[in-house]
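Notes follow once the structure below has been shown.
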Amino acid sequence: MTEKLGLFTLAGFIIVLFQVTCEVGKQICNYSTQYYNSGKYPLPQTIIVVIIELIKLIVTLGRSKCKPPSFRADNLRQSTKFLLPSVLYAINNNIYFMGLTLVPPPIWLILTSFRTVVTASLYKFLLKREITVMQFVGALCIVLSIVVAKLGDIAGVGSGPSIPPVAFLLAAIASFNSVGAALYTESLFKKEGENFLEQQFWMYFYGIIVAGMVHIVTIGEMSLTSWTGNIAEVGINVKLYLVVGLFFGGIGGLVCAAILKRLDNIVKEYSGAAANMFTAFLCSYLFPEKFQFTIYIFLAMCLLFTGIFLYEFMKAKPKPVLPQTSDESKSPLLSEKS
């Protein structure tokens, strides 16, 4: 079993620093791509999702030394179990890019933190796993962080333009999708005897197909601009933001997923929350008319940090397994003989 690293080790600190950099870079670049292009992406967002999935597939093939899994009929049938999470992730990725056209990244990340509440509820009431009272308090803190983020609009001290109701709806859909996909994918990846890189290959292979179908269904017409957008007309800075955003969304995400296996879950959650904090500071500096770091946003992030701490750190302790005595360890036949 791989030994988990804590935050207060050199390797753990470097991993967290890299993960935070990737996450902040992804959020800032993706938002800048449409911010500096009159509120729209230079490529259709559905095409951006296809490209990100393609990057992940290419990197996965490289990691497997260009040896893809077999496309035999029986193997293809087995691989269709990865179709459902591919659909959910394709929907979520498109919702994410749509969400960034409605609210800046820090607000979107606060809204989608609702997924922790969904996870706790599913664990408790559907999967019948033990959830402590303090974990529910943590989930409540996360819900309150969303409410406090909205209070600024109500009090007239908003962090920028008011949060549209459709952003709440999209964040709720994304939260449910994310939890469902994560639980299902976790059960698939934990199956023994299956190659992890092959599992990832099928995930991204079907991801490209599903994302491509989403694009075809939503474009409405088969013109050249429906595939290329206005990428040829935009400035070099927008193209640079797009390329860097694709890098962090594709390669950065894969690398982080691989190296974060070495970290305790609480460190992963806090690195994500820390990335949101840095993103908020940068957004308030780079896009002041869209986002200001107000007292309400500060309180919302404090509640979010507290909620993550309570949910991840106050889990029920596993029940100790009592060692068998020498008499109990004997087989029934030996017991009769004695």
Side-chain angles (χ1 to χ4, degrees), residues 16-17 19-36 39 92 95-120 137-175 178 241 245 248-249 266-313:
V16 168
L17 184 63
Q19 194 268 340
V20 169
T21 302
C22 285
E23 183 63 24
V24 173
K26 182 185 81 171
Q27 301 297 344
I28 295 297
C29 289
N30 286 339
Y31 189 71
S32 297
T33 300
Q34 55 86 30
Y35 176 84
Y36 292 111
N92 256 28
I95 289 176
Y96 162 72
F97 283 105
M98 191 184 302
L100 290 190
T101 64
L102 300 170
V103 293
I107 300 296
W108 180 251
L109 293 172
I110 290 174
L111 295 180
T112 52
S113 62
F114 181 70
R115 66 181 178 272
T116 305
V117 181
V118 178
T119 303
V137 172
L140 178 61
C141 286
I142 291 171
V143 172
L144 286 175
S145 72
I146 299 172
V147 175
V148 171
K150 182 63 178 174
L151 276 179
D153 295 337
I154 299 171
V157 192
S159 61
S162 61
I163 304 172
V166 68
F168 288 96
L169 177 61
L170 289 175
I173 295 172
S175 296
S178 176
Y241 284 129
F248 283 129
I266 183 63
V267 181
K268 299 178 194 177
E269 293 292 339
Y270 265 112
S271 61
N276 192 15
M277 185 71 76
F278 285 117
T279 302
F281 280 120
L282 285 173
C283 283
S284 65
Y285 175 74
L286 296 171
F287 323 111
E289 75 281 11
K290 296 290 186 180
F291 179 82
Q292 292 95 43
F293 201 89
T294 65
I295 184 63
Y296 292 99
I297 297 298
F298 175 75
L299 290 174
M301 290 192 170
C302 287
L303 284 167
L304 185 59
F305 269 82
T306 304
I308 291 170
F309 174 81
L310 292 175
Y311 185 80
E312 293 292 339
F313 216 65

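- I297 contributes atom CD1, which lies 11.0 Å from atom CG of L304 (distance to the nearest 0.5 angstrom).
- Note that CD1 of I142 is 10.5 Å distant from CZ of F114, once rounded to the nearest 0.5 Å.
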Output side-chain donor-acceptor pairs under 3.5 Å for residues 95-113, partner residues at least two apart or in another chain, one line each.
from	atom 1	to	atom 2	distance (Å)
Y96	OH	Q27	OE1	2.9
Y96	OH	N30	ND2	3.2
T101	OG1	M98	O	2.5
T112	OG1	W108	O	2.9
T112	OG1	L109	O	3.3
S113	OG	I110	O	2.4

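- Separation of atoms OG1 (T279) and CD (E23) is listed at 6.5 Å; rounding is to 0.5 Å.
- For S284, the side chain to side chain contact (heavy atoms under 4.5 Å, CB included) partners at least two apart in sequence or on another chain are F291, F293.
- The nearest pair of heavy atoms linking V20 to A275 is CG1-CA, 4.0 Å.
- Taking all atoms of both residues into account, the shortest heavy-atom contact from G138 to L310 is CA-CB, 3.6 Å.
- Remark: F278 CZ is loosely packed, at most 12 non-hydrogen atoms of other residues, nucleotides or ligands lying under 6.0 Å away.
- Using a 4.5 Å cut-off on side-chain heavy atoms (C-beta onward), F305 and C141 make no contact.
- Counting only distance, with no hydrogens or angles, the side chain of S178 and the backbone of S175 share no donor-acceptor pair below 3.5 Å.
- Distance check: L303 CG to S145 OG gives 6.0 Å after rounding to the nearest 0.5 Å.
- Among residues two or more places apart in sequence or in another chain, the side chain to side chain contact (heavy atoms under 4.5 Å, CB included) test is passed with L299 by V148, I295.
- Taking both residues in full, the closest heavy atoms of I163 and F168 are given as CG2-CE1, 3.5 Å, listed atom of the first, atom of the second, then distance.
- Taking N92 as the reference, N177 meet the side chain to side chain donor-acceptor pair (under 3.5 Å) condition, with sequence neighbours excluded.
- The ring-ring contact (aromatic ring centres under 6.0 Å, His included) check on Y36 picks up Y241, with sequence neighbours excluded.
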